Amino acid sequence: MNRATHIAIIMDGNGRWAELRGEKRVKGHEAGAKVVRSITEYCAAHKEVQRLTLYAFSTENWKRPKVEVEFLMKLLEKYLKSELENYLKNNIRFEPIGDIRAFSSSLQKTIKDVAEKSAHCDGLIQSLALNYGAHDEMLRAINKIKKADEDITEAMLYNALDCKDSVDLLIRTGGDHRLSNFLLWQSAYAELFFTDTLWPDFSVKELEKMLNNFTKIERKFGGLK
Ligand code: IPE
Ligand code: IPE
Ligand code: MG
């Protein structure tokens, strides 16, 4: 039976969720943050899930209006500060991926602080993709190792990436069927699950259904059954 040891989620649809309610887009981000908590706690309680990578802010999301970007930065800082206790209580290690150097020094400090303080936890790894783009990740990885005289191997490149784990199950909420520059290398053999559910409405129940369907898939990795 398949085990989804690495689940990755493109948490999309926050803005539309709020607009459908006649609210400002940022209300959707607030509601979305609560779902991050419940999905993370569910995964932490399910030992077969070792890593949960969540797309929180892409390298392209800087194109959004300044007020929305600023709100997202504040929400992230608030979320991480309030979440530390929960991480420790549930034995969750927080590991950011992406280039956080673009963030304010206070936000960078919070991100590093929460990562350091939860580094000893050996349960679920909750990896938040922050100012993450797969192209940017690959370029930074290649630039890190390019000085080597020898040819770059798959293992060398994997080691230099922010996320060093292949994805088993990749979920996108919000109805669109695209990857939006998320974990392109790591998802080479991921099973892709798309749902119309907007992220703030995504539930543990829907995730459980997906996990159940995932166990039935025949994964062949190019071979024959
Ligand atoms: C995803 O929701 C969250 C982020 C990108 C930060 P969106 O904000 O993209 O919501 P929609 O897709 O516009 O509804
Ligand atoms: C992807 O959602 C990024 C995150 C969920 C953080 P977007 O809403 O930014 O993606 P596009 O623009 O619809 O492709
Ligand atoms: Mg979107």
Side-chain angles (χ1 to χ4, degrees), residues 6-40 43 51-83 94-104 107-108 110-111 114 125-140 161-163 167 169-187 190 192-203 206-207 210:
H6 184 187
I7 301 176
I9 309 183
I10 302 173
M11 309 182 288
D12 197 24
N14 292 352
R16 277 164 287 163
W17 182 90
E19 278 157 6
L20 278 168
R21 283 162 179 71
E23 304 258 25
K24 294 218 166 77
R25 291 177 51 82
V26 294
K27 284 281 173 201
H29 297 314
E30 259 172 11
K34 294 199 183 113
V35 181
V36 170
R37 185 172 297 132
S38 59
I39 295 297
T40 301
C43 290
R51 185 182 290 270
L52 174 67
T53 305
L54 302 170
Y55 208 3
F57 192 85
S58 76
T59 46
E60 286 73 38
N61 286 146
W62 297 104
K63 292 177 196 159
R64 296 188 178 201
K66 204 168 157 228
V67 280
E68 183 168 342
V69 171
E70 278 172 3
F71 184 92
L72 284 167
M73 298 299 138
K74 282 205 194 105
L75 181 66
L76 178 60
E77 191 147 7
K78 203 169 105 188
Y79 176 84
L80 286 175
K81 281 183 176 157
S82 71
E83 219 46 26
F94 164 70
E95 253 184 38
I97 58 166
D99 190 353
I100 65 163
R101 294 171 299 182
F103 295 146
S104 71
L107 180 53
Q108 286 185 50
T110 304
I111 294 168
V114 175
I125 298 166
Q126 187 219 50
S127 179
L128 286 190
L130 305 170
N131 189 31
Y132 174 88
H135 284 188
D136 179 64
E137 178 192 37
M138 286 189 221
L139 286 175
R140 282 187 287 106
L161 291 171
D162 299 344
C163 175
V167 175
L169 170 59
L170 179 81
I171 299 167
R172 183 179 186 131
T173 62
D176 286 315
H177 297 187
R178 54 177 174 260
L179 296 178
S180 302
N181 204 11
F182 190 45
L183 299 176
L184 299 181
W185 175 274
Q186 299 84 346
S187 298
L192 310 181
F193 280 55
F194 298 99
T195 171
D196 288 339
T197 306
L198 303 171
W199 176 251
D201 289 329
F202 191 69
S203 63
E206 191 168 359
L207 176 62
M210 287 176 175

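Quick note: numbers below take in every heavy atom, side chains included, and nothing from hydrogens, waters or symmetry partners. Treat the numbers as computed from the prediction; the structure is a model and nothing was measured. First listed ligand is number 1; within each ligand, the first listed atom is number 1.
For Leu198, no heavy-atom contact with ligand 1 is shorter than 4.0 Å. Contact annotation for Phe182 and ligand 2: no heavy atom of the residue comes within less than 4.0 Å of the ligand. Under 4.0 angstrom from ligand 1, there are no non-hydrogen atoms of Ser58. The side chain of Arg172, and not its backbone, has at least one atom closer than 4.0 Å to an atom of ligand 2 (non-hydrogen atoms only; side chain from C-beta on).
Taking the charged nitrogens against the carboxylate oxygens, Lys27 and Glu30 do have a contact shorter than 4.0 Å, which makes a salt bridge.
Taking only nitrogen or oxygen atoms, main chain and side chain alike, Arg64 reaches within less than 3.5 Å of ligand 1. Checked against a 3.5 angstrom limit, the closest N/O atoms of Trp17 and ligand 1 fall outside it. The distance criterion of under 3.5 Å between nitrogen or oxygen atoms is met by Ser180 with respect to ligand 2. Polar contact check, Asn61 against ligand 2: a nitrogen or oxygen pair lies under 3.5 Å apart.
With respect to Phe57, the ring-ring contact (aromatic ring centres under 6.0 Å, His included) criterion is satisfied by exactly one of Phe182, Trp62, Phe71: Trp62.
Within Asp12, the N, O or S atom lying nearest to the Mg ion (ligand 3) carries the name OD1.
With ligand atoms numbered from 1 in the order given, ligand 1 contributes 1 (C), 2 (O), 3 (C) to contacts under 4.0 Å with heavy atoms of Met11. Close contacts between ligand 1 and Ala56 involve ligand atoms 6 (C) [criterion: under 4.0 Å to a heavy atom]. Ligand 2 places these atoms under 4.0 Å from at least one heavy atom of Tyr55: 3 (C), 4 (C), 5 (C), 6 (C). Distances below 4.0 Å separate heavy atoms of Arg178 from the following atoms of ligand 2: 11 (P), 13 (O), 14 (O).
Contact annotation: Gly13 has at least one heavy atom less than 4.0 Å from an atom of ligand 1.
Distance from atom 10 (O) of ligand 1 to its nearest protein heavy atom, with residue and atom name: Gly15 N, 3.0 Å.
For a distance bound of 2.8 Å, the N, O or S atoms of Asp176 include none lying that close to the Mg ion (ligand 3).
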